[in-house]
Protein chains: 2
Amino acid sequence: MNRKATALDVAKLAGVSRSAVSLVLNGRGDGNVAKESQVRIREAAATLNYTPNAIALSLRNRRSRIIGIVSDQVVTSPFDGNIIAGADAVARSQGFVTVVMDTELDETRDESAVATLLDRQVDGLMYVTVGLRPLHVPLNMLRVPSVLANCFDDRPEAGVPAVIPDEVRGGREAATHLLELGHRDIAFLAGDGVTPAAPRRIQGHREAFEAAGLPVRPGRILEAGWDIDAGFHGAMKLLDGVAAPDRPTAIVCANDRLAVGVVLAANRLGLAVPQDVSVMGYDDEFRIASTMVPALTTMALPLREMGAAAMTGLLRELSEEPEDYDDGGAPAEHGRPGQTLVPCRLVVRESTGPVPS
Amino acid sequence: MNRKATALDVAKLAGVSRSAVSLVLNGRGDGNVAKESQVRIREAAATLNYTPNAIALSLRNRRSRIIGIVSDQVVTSPFDGNIIAGADAVARSQGFVTVVMDTELDETRDESAVATLLDRQVDGLMYVTVGLRPLHVPLNMLRVPSVLANCFDDRPEAGVPAVIPDEVRGGREAATHLLELGHRDIAFLAGDGVTPAAPRRIQGHREAFEAAGLPVRPGRILEAGWDIDAGFHGAMKLLDGVAAPDRPTAIVCANDRLAVGVVLAANRLGLAVPQDVSVMGYDDEFRIASTMVPALTTMALPLREMGAAAMTGLLRELSEEPEDYDDGGAPAEHGRPGQTLVPCRLVVRESTGPVPS
DNA sequence: TTGAAAGCGGTACCAC
DNA sequence: GTGGTACCGCTTTCAA
């Protein structure tokens, strides 16, 4: 295979000039180029298999139709991946391409990742994190329209719009689901205090109890961690050697892997899920929640939606800002100004049931 | 923030010509540009925060320092992600950037993904799949140096080098581990027959038994699927209501999620892992295998290594092919010509132990 | 030692 | 209706 055909090749084959080729292939042929020339040009383009060189286009137009994505850890997590997938789908549908740079949780690589992307003339920038967290946006990011997904800058003046899950509401609706099943003694296995996700989910949990006029029993909110073993040990603490009346009848976990650990522990103790104890996850982790035995009731994180929403907003900003940029802050849909809250989605499966009588 | 500085800006500030700037900043100043001009140029570049426009560079040099990666499903899987992470790290270390296009398992998007990438003037192409599988490389891929990771083209003439895990050996070493612990009746919970990974692992399994002069009991190889519930039901079939002498003493699973299902089933049946039955996973899936209770002994897929190996080979080919391409097939390290086999790595944790007496 | 100029592949303006 | 040409930002050759 030899090198790709250029507009000049097409022009020669069709016996016209480069400009004619450009006009016709961009739909502005009518009224500028003779009908029969147009036909010859299209034929020539087809036989040569011509597509314009995106690099040359970028240089000329000063816009690359590339969106740069900085991720703190794409790779090993289905989380970031889904956000990026949602964003990428939207971008692709509008003729944009995304390029992802992964800092692998090394914050010192933030600025250089952004700089590399900027050198590539990206039209816009998106910063994605695995877990919900606050950050200081890399300064360079302000040079082009930008958006944050699953993270936020808590300095009010930062001025980069953020798209994050509505964790408080998620926690509230999770607890409500259980409350409606008749549970009154519900334990919460939280991740850690450092990521804002767990505290927000707990806040929602408390709000649900409050709204129902019920108390949260002391000692029922356990900071556990995020992994299977943490769930296992947390559940053992809650269930092992505890008489039925003193046992929580339901355990809601800050993620699905914790819930796996809880079920593992229940099985080992001879407790049936959900007959003896209901278990809820959070995240709806792919290939885990739905295939677990029993399949996990969980609060699905709207990852793809967040990615899509973030990208949609970004591209809108791009098209509104034809040449020079305006300072108008994006209108917030909910939450703090500049923050869009995307609701989580309750997925009821088999790990929760009515309170044991 | 206004727009980025160009070489011309630097030249003006330093009071020299653009060419001088180019020479100096590319290390070819000595012998061409006066020492003091050099200093002024560097200072000017620094104060203007100048970095060259990668787009213009690409157009000029006809090489973009971009490697295009086509993935059949990055997103939701830690698998692809890790391969890409390994590849990306190598690429970045050599000043390349990767851009990933995800076909989301839609094969009709193959060619268009490659075409898009080619329009962007990628210097090389890599095709990555979530699971090991054969494929027909998109024709366009042959236009630039390319490599396959975790997949292969079974048409001998395709001529695209592939980097894949040594699954046969992985299956063999997994069985050997168990055999050495004294197990003689070992069951294998396979995925499905359609992906080549499972059959190869099974082949290795059989080879290990053969080498030990032992038979594989009939009915001990079960095609189960790939998920937690499949592992659960497979294990129930093997263990539930079966007297100890007729029970396998070890179960090796085609992946870690199956192993989770097996442990879940064992717990429910009151069987202890590994005291009553040893369980092995495969893949060493992040956040699952090591945090499982008990932590899973598993055969780690060399994902990052595969990505790194593939990218290393690709970049080598790029640098050996300064202008026009040569047809020399890449030398195979093992396996079929053009295929590099990367060994898996046995990770011994707590889910396997000596055969019960 | 320096600067002018060509060209990478397009697009768009402007004479003809 | 058409083709010539300037320009996007950079590298590289060549003449001064």
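Reckoned from all heavy atoms, side chains included, excluding hydrogens, waters and symmetry mates. Residue numbers start from 1 in every chain, and the chains themselves are labelled A, B, ... in the order their sequence lines are given, proteins ahead of strands. All of these numbers come straight from a predicted model, not from anything done at the bench.
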Notebook entry, point to check: Does anything in residues 31-44 of chain B reach DNA chain C, meaning a heavy atom under 4.0 Å, and if so which residues?
Noted result: G31(B), N32(B), V33(B), A34(B), S37(B)

Item checked: With P138(B) via side-chain contact (heavy atoms from CB on, under 4.5 Å) - residues at least two apart -> D110(B), E111(B), V114(B), Y127(B), M141(B)

Checklist line | Worked verdict on L135(B) versus V137(B) for side-chain contact (heavy atoms from CB on, under 4.5 Å) | finding: CA-CA 6 Å; L135(B) 53 75; V137(B) 293; 3.8 Å; yes

Note to self: Side chain of L59(A) only, heavy atoms from C-beta on: which candidate in dG3(D), dC8(C), dC8(D) is closest?
What the structure shows: dC8(D)

Note to self: Under the rule for side-chain contact (heavy atoms from CB on, under 4.5 Å), what residues qualify as partners of L315(A), not counting sequence neighbours?
What the structure shows: I67(A), V90(A), Q94(A), F96(A), M311(A), L318(A)

Next item on the list: Not counting sequence neighbours, which residues clear side-chain contact (heavy atoms from CB on, under 4.5 Å) with L23(B)? List them please.
Entry: R28(B), N32(B), V33(B)

Next item on the list: Check the distance between dC10(D)'s P and I55(B)'s CD1 and give it to me in whole angstrom.
Entry: 12 Å

Item checked: All salt bridge (charged side-chain N to carboxylate O under 4.0 Å, His left out) counterparts of R65(B), not counting sequence neighbours -> none

Margin query: Rounding to 10°, can you tell me the angle the first-five-pair axis of the helix from dT1(C)-dA16(D) to dC16(C)-dG1(D) makes with its last-five-pair axis?
Written below: 60°

Next item on the list: Round to a whole Å and report the spacing from CG of D9(B) to P of dG9(D).
Entry: 9 Å

Item checked: Within residues 86-101 of chain B or reaching into it, pairs that qualify as salt bridge (Lys or Arg N to Asp or Glu O under 4.0 Å) - sequence neighbours excluded -> D88(B)-R92(B)

Can you give me every donor-acceptor pair (side chain of residues 50-57 of chain B, partner residue at least two apart or in another chain, under 3.5 Å) with its distance?
residue: T51(B); atom: OG1; partner: D119(A); partner atom: OD1; Å: 2.7
residue: T51(B); atom: OG1; partner: K4(B); partner atom: NZ; Å: 2.8
residue: N53(B); atom: OD1; partner: I55(B); partner atom: N; Å: 2.7
residue: N53(B); atom: OD1; partner: A56(B); partner atom: N; Å: 3.1

Notebook entry, point to check: What pairs meet the salt bridge (Lys or Arg N to Asp or Glu O under 4.0 Å) rule with one or both residues in residues 36-53 of chain A, with sequence neighbours excluded?
Noted result: none

Note to self: Can you build the contact string for nucleotides 10-16 of chain C? Use B for base contact, S for sugar-phosphate-only contact, and - for no protein heavy atom under 4.0 Å.
What the structure shows: BBB----

Checklist line | All side chain to side chain donor-acceptor pair (under 3.5 Å) counterparts of T103(A), not counting sequence neighbours | finding: none

Next item on the list: With sequence neighbours excluded, tell me which residues meet side-chain contact (heavy atoms from CB on, under 4.5 Å) with D30(A).
Entry: K35(A), Q38(A)

Check: Nearest-Å distance, CZ (R65(B)) to C1' (dC8(C))?
Finding: 18 Å

